[in-house]
Amino acid sequence: MESKPIVSIENLTKVIKGRTIIDDLSFDVYRGEVFGFLGPNGAGKTTTIRMIVGLMSITSGDIKIDGFSIQKNFEKAVQSVGAIVENPEMYKFLSGYQNLQQYARMVGGVSKAKIDEIVDLVGLSERIDDKVKTYSLGMRQRLGLAQCLLHDPAVLILDEPTNGLDPAGIREIRDYLRFLAKEKNMAVIVSSHILSEMEMMCDRIGIIQNGKLVDVQQVKEFVQGAAETIVEFEVTPLPQAISVLGERYPNLSIQKGERTITLTIAKELIPDIIKAFVHTDLKVYGVRELTKTLEDRFLEITKGDGGKIL
C-alpha cells in the first residue's frame, strides 16, 4: 500500500435542514486496497459517497482525489473516479457492447481494444452482444463495473455492489474487486451491509455511526482486537458446571448447549474457569475459542443501532 493517499476526506460535514448528517469526517484511502465503508442504516454512508462523487454539495470540509479538491477542481478530481451509486443504469434496448460504446464516446480516448479488454476482465465476452434487457442482475452489475473501468480510474467507488446477487454473483464481484486492487493498483471503496462479504473482501474498514467516524482499522486487527472472546467449554455434569460459574462469576452470561457451555469472557479468565471446574471434580473434555466475525464486532461497536437509510 502506497504512503500517499489517493482519496483524502478532510473534516467533511453535511447539514440538511439544520440537521448534521455527516459530522467532521476524516479518513484516507490508498491505492492497492479495498476499503470497506460500514455503518448502520442511516449512519451516512451513501450521503458520504454522494459527496465524494459530486452528487451532493459539501457543507464544510473537503474531499481530495489524487490531490485535486472536489470543490475547487471538480473535473480534475472526478476524472480519476469510477463509481456505481445504487444500481447501474443502462440502455436496455441496446446490447452490452453498444452501451459501453456510448459511454466510451462520452469519456473519449477509449479504443475498441480497451473495451474488449474490460469486457474480458469482467467475464461478459460470451454475452456482450446480447441486449441488456436479457441480462440477469449479476450480468448488469458486471456491465456497470465494465463501464466504470473504461477510463482507467485510480479510484473505484461502489455502493452496495452485491445487492440482489446470488452467492455465485457475489463471489464473482468480490474476486473482481480484489483483482483490481491488487493487480491494477486501484483504490476500491465499497459500502455494503453484507458483513460476511466485507470481511473476505476488504483490507481495511471504516465504521461510521450517526454521521461520525467510529474507527478505521485493518479488518484482521479489528476482528481480533476485541477485549473479550467467545469460549466454548465441553464439561460434565452440565448443571453443576453452571452452578459453579453462577457462584464464582454471577454476572456472566451463559449459553447452554447439549454438552457445552459458551461464555463471552476476557481471555485471562479461561485458566481460572478450568481450574474451578477441575477443583470441583467436573470433567473438562474440551475448551475451544470461537473466532468472532466482523459482524460480531460491528454489532458490538454500533450496538445494533439502526434507522432510516440516508
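Only heavy atoms go into these numbers, but all of them, side chains included; no hydrogens, no water, no symmetry mates.
Rounding to the nearest 0.5 angstrom, the gap separating the OG1 atom in Thr262 from the CD atom in Glu232 is 4.5 Å. Between atom OG1 of residue Thr13 and atom CD1 of residue Ile21 there is a gap of 11.5 Å, rounded to the nearest 0.5 Å. One distance of note links CG of Asn73 with CD of Gln79; it measures 8.5 Å at 0.5 Å rounding.
Sorted by first then second residue, the ring-ring contact (aromatic ring centres under 6.0 Å, His included) pairs that include residues 46-68, not counting sequence neighbours, number zero. Residue pairs satisfying the salt bridge (Lys or Arg N to Asp or Glu O under 4.0 Å) criterion with at least one member in residues 205-218, sequence neighbours excluded, are listed as follows: Asp23-Lys212. The list of salt bridge (Lys or Arg N to Asp or Glu O under 4.0 Å) pairs with a residue in residues 99-109, not counting sequence neighbours, is empty. Identified under the salt bridge (Lys or Arg N to Asp or Glu O under 4.0 Å) test for residues 145-158, with sequence neighbours left out: Lys114-Asp152.
Residues passing the side chain to side chain donor-acceptor pair (under 3.5 Å) test with Thr20: none are found, sequence neighbours excluded. Residues meeting the side chain to side chain donor-acceptor pair (under 3.5 Å) test with Arg248, sequence neighbours left out: none. In this structure, Ser243 has no side chain to side chain donor-acceptor pair (under 3.5 Å) partners at least two apart in sequence or on a different chain. Among residues two or more places apart in sequence or in another chain, the salt bridge (Lys or Arg N to Asp or Glu O under 4.0 Å) test is passed with Lys112 by Asp116. A search for side chain to side chain donor-acceptor pair (under 3.5 Å) contacts involving Gln255 returns nothing, not counting sequence neighbours.
Formation of a donor-acceptor pair under 3.5 Å by the His151 side chain with backbone atoms of Gly109 is not found in this model. Panel note: side chain Ser26, backbone Asn11; a donor-acceptor pair is recorded below 3.5 Å. Distance alone, capped at 3.5 Å, is enough to place a donor-acceptor pair between the Lys14 side chain and the Ser57 backbone.
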Please report, to 0.1 Å, the donor-acceptor pairs under 3.5 Å made by any side chain of residues 172-182, with sequence neighbours excluded.
| residue | atom | partner | partner atom | Å |
| --- | --- | --- | --- | --- |
| Glu172 | OE1 | Arg142 | NE | 3.3 |
| Arg174 | NH1 | Glu197 | OE1 | 2.9 |
| Arg174 | NH1 | Glu197 | OE2 | 3.2 |
| Tyr176 | OH | Val122 | O | 2.7 |
| Arg178 | NH1 | Met201 | O | 2.5 |
| Arg178 | NH1 | Asp203 | OD1 | 3.3 |
| Arg178 | NH1 | Asp203 | OD2 | 3.4 |
| Arg178 | NH2 | Asp203 | OD1 | 3.4 |
| Lys182 | NZ | Gly32 | O | 3.0 |
| Lys182 | NZ | Asp203 | OD1 | 3.3 |
| Lys182 | NZ | Asp203 | OD2 | 3.3 |

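Through chains of ILVMFWY side-chain contacts below 4.5 Å, Leu94 is grouped with Tyr91, Phe93. Summarising the hydrophobic clusters (Ile, Leu, Val, Met, Phe, Trp, Tyr; side-chain heavy atoms under 4.5 Å, direct or chained), the residues clustered with Tyr285 are none.
Across Gly211 and Leu25, no two heavy atoms sit closer than the pair O-CD1, 4.0 Å.
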